[in-house]
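Report on the following structure.
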Amino acid sequence: MENGAARTAQPVIVAIDGPSGTGKSSTSKAVAAQLGLSYLDTGAQYRAITWWMVTNGIDMEDPSAIAAVAGKPEIVSGTDPAHPTITVDGVDVAGPIRTQEVTAKVSAVSAVPEVRTRITELQRSLATSAEDGIVVEGRDIGTTVLPDADLKIFLTASPEARAARRSGELKGADVHATREALIKRDAADSSRKASPLAKAGDAVEVDTTDLTLAQVIECVVTLVEEKRAAK
Ligand SMILES: Nc1ncnc2c1ncn2[C@@H]1O[C@H](COP(=O)(O)OP(=O)(O)O)[C@@H](O)[C@H]1O
Ligand SMILES: Nc1ccn([C@@H]2O[C@H](COP(=O)(O)OP(=O)(O)O)[C@@H](O)[C@H]2O)c(=O)n1
């Protein structure tokens with residue numbers, strides 16, 4: 001018969017999706033660190049391939065040009081929640097992938113099916129090789145990348161709260177402009193044909209508008225522990 005320790009040792013796969021600024025990265029990193037799981041920021045992977053396309057002068061208006069080179073860059077993600085890393089062809093791109101230029105172009109690149117196929121393969125392989133389990137955050141993790149995840153969470157928050165959080169990070173950025181840019185990116189991500197931003201039917205929705213980050217983390221940790229105990 002299994003005891004409690006054996007049950008807690010079972011790997012657990014957690015999918016956290018939602019629009020920009022809902023708290024996916026902060027929550028996922030903290031939950032993974034607290035529970036001893038790996039952590040994968042899939043948005044960083046899409047940003048990394050976009051950075052490579054920008055750096056190599058690929059025409060962002062031309063999906064076939066993007067598709068033709070989708071297999072070229074080698075993207076490597078480090079999954080330690082205390083020190084997540086991302087490199088492209090061996091170059092550390094953690095900083096460059098957060099520029100406004102990359103942010104403005106990432107939706108066009110991530111809408112290209114050849115890009116999604118490539119990045120989805122990387123994500124599944126990292127999830128499979130995480131010994132103790134993993135928290136994977138993004139837009140289509142619960143619906144497409146890991147449809148058999150043990151737990152699926154869909155984070156939401158009002159556009160106002162999300163814009164205020166993001167402009168706080170961007171040191172003095174205009175909240176109105178940030179809000180418009182977020183809404184535009186959400187619309188593009190939700191309306192694309194290939195694997196759009198969507199809540200999985202079996203995901204637990206958590207509205208973080210009036211919650212502190214600590215409250216969201218506690219809520220998700222409790223949900224993961226319940227799943228682990230039931231395994
Ligand atoms: N519940 C919350 N209340 C207040 N600020 C939050 C909350 N969740 C996240 N934040 C802050 O909002 C910003 C965006 O969070 P992040 O985790 O990067 O969101 P996402 O990954 O969904 O885009 C960060 O500065 C983070 O510290
Ligand atoms: N699973 C995912 C994750 C991100 N993305 C794309 O990558 C972009 C950047 O994701 P992100 O998580 O870094 O965005 P922020 O929440 O940090 O603003 C999104 O706007 C999507 O276009 C995606 O298509 N699928």
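Order of appearance sets the numbers: ligands from 1, and atoms from 1 within every ligand. Bear in mind the structure is a predicted one, so any value in this text is a computation, not a measurement.
Taking atom 19 (O) of ligand 1 as the reference point, the nearest protein heavy-atom neighbour is G23 N, 3.1 Å. For atom 23 (O) of ligand 1, the closest heavy atom belonging to the protein is R166 NH2, 2.5 Å. Closest to atom 15 (O) of ligand 1 among all protein heavy atoms lies S26 OG, 3.5 Å. Ranking the protein heavy atoms by distance from atom 1 (N) of ligand 1 puts L211 O, 2.9 Å first. Ranking the protein heavy atoms by distance from atom 13 (C) of ligand 1 puts E169 OE2, 3.5 Å first.
Residue Q123 has no N or O atom closer than 3.5 Å to an N or O atom of ligand 2. Among the atoms of R185, some N or O lies under 3.5 angstrom from an N or O of ligand 2. The distance criterion of under 3.5 Å between nitrogen or oxygen atoms is not met by D41 with respect to ligand 2.
Contact check for I97 versus Y46: no side-chain heavy atoms found under the 4.5 Å cut-off. When side chains are defined from C-beta on, L151 does not count as touching E226, because their heavy atoms never get closer than 4.5 Å. Taking the side chain as every heavy atom from C-beta outward, S20 and R139 approach each other to under 4.5 Å. Within the 4.5 Å cutoff, the side chain of I58 has heavy atoms near those of the V69 side chain. Residues M53 and V112 form no side-chain contact, since every pair of their non-hydrogen atoms from C-beta on lies 4.5 Å or further apart.
Applying the 4.0 Å criterion to heavy atoms of S20 picks out, from ligand 2, the atoms 15 (P), 16 (O), 18 (O). Annotation for ligand 1: atoms under 4.0 Å from non-hydrogen atoms of S20 are 23 (O). When each atom of ligand 2 is checked for a heavy atom of R166 under 4.0 Å away, the hits are 15 (P), 16 (O), 17 (O), 18 (O). Ligand-side atoms of ligand 1 in range of K24: 17 (O), 19 (O), 20 (P), 21 (O), 22 (O), 23 (O), range being under 4.0 angstrom from any heavy atom. Counting atoms of ligand 2 from 1 in the listed order, those under 4.0 Å from a heavy atom of R47 are 9 (C), 11 (P), 13 (O), 14 (O), 15 (P), 17 (O), 18 (O). Distances below 4.0 Å separate heavy atoms of P19 from the following atoms of ligand 1: 22 (O). Set against the non-hydrogen atoms of S110, the atoms of ligand 2 under 4.0 Å away are 6 (C), 21 (C), 22 (O), 24 (O).
Only backbone heavy atoms of T212 (N, CA, C or O) come within less than 4.0 Å of ligand 1; its side chain stays farther off. Contacts with ligand 1 closer than 4.0 Å are made by no heavy atom of A157, backbone or side chain. Residue contacts with ligand 2 for Q45 are absent, since no atom lies close enough (heavy atoms, distance under 4.0 Å). Of all the heavy atoms of K105, none lies under 4.0 Å from any atom of ligand 2, so neither backbone nor side chain is involved. With a 4.0 Å heavy-atom cut-off, ligand 2 is reached by the side chain of D189 but not by its N, CA, C or O.
In the candidate list R139, E137, R165, R165 is nearest to atom 4 (C) of ligand 1, counting heavy atoms.
Under a 4.0 angstrom heavy-atom cut-off, E137 registers as lying outside contact with ligand 2. The shell of residues lying under 4.0 angstrom from ligand 1, judged by heavy atoms, includes G21.
Judged purely by atom type and a 3.5 angstrom limit, R116 uses its side chain to pair as donor or acceptor with the backbone of S110. Here the side chain of D140 pairs no donor or acceptor atom with the backbone of P196 at under 3.5 angstrom. Formation of a donor-acceptor pair under 3.5 Å by the R118 side chain with backbone atoms of A70 is found in this model.
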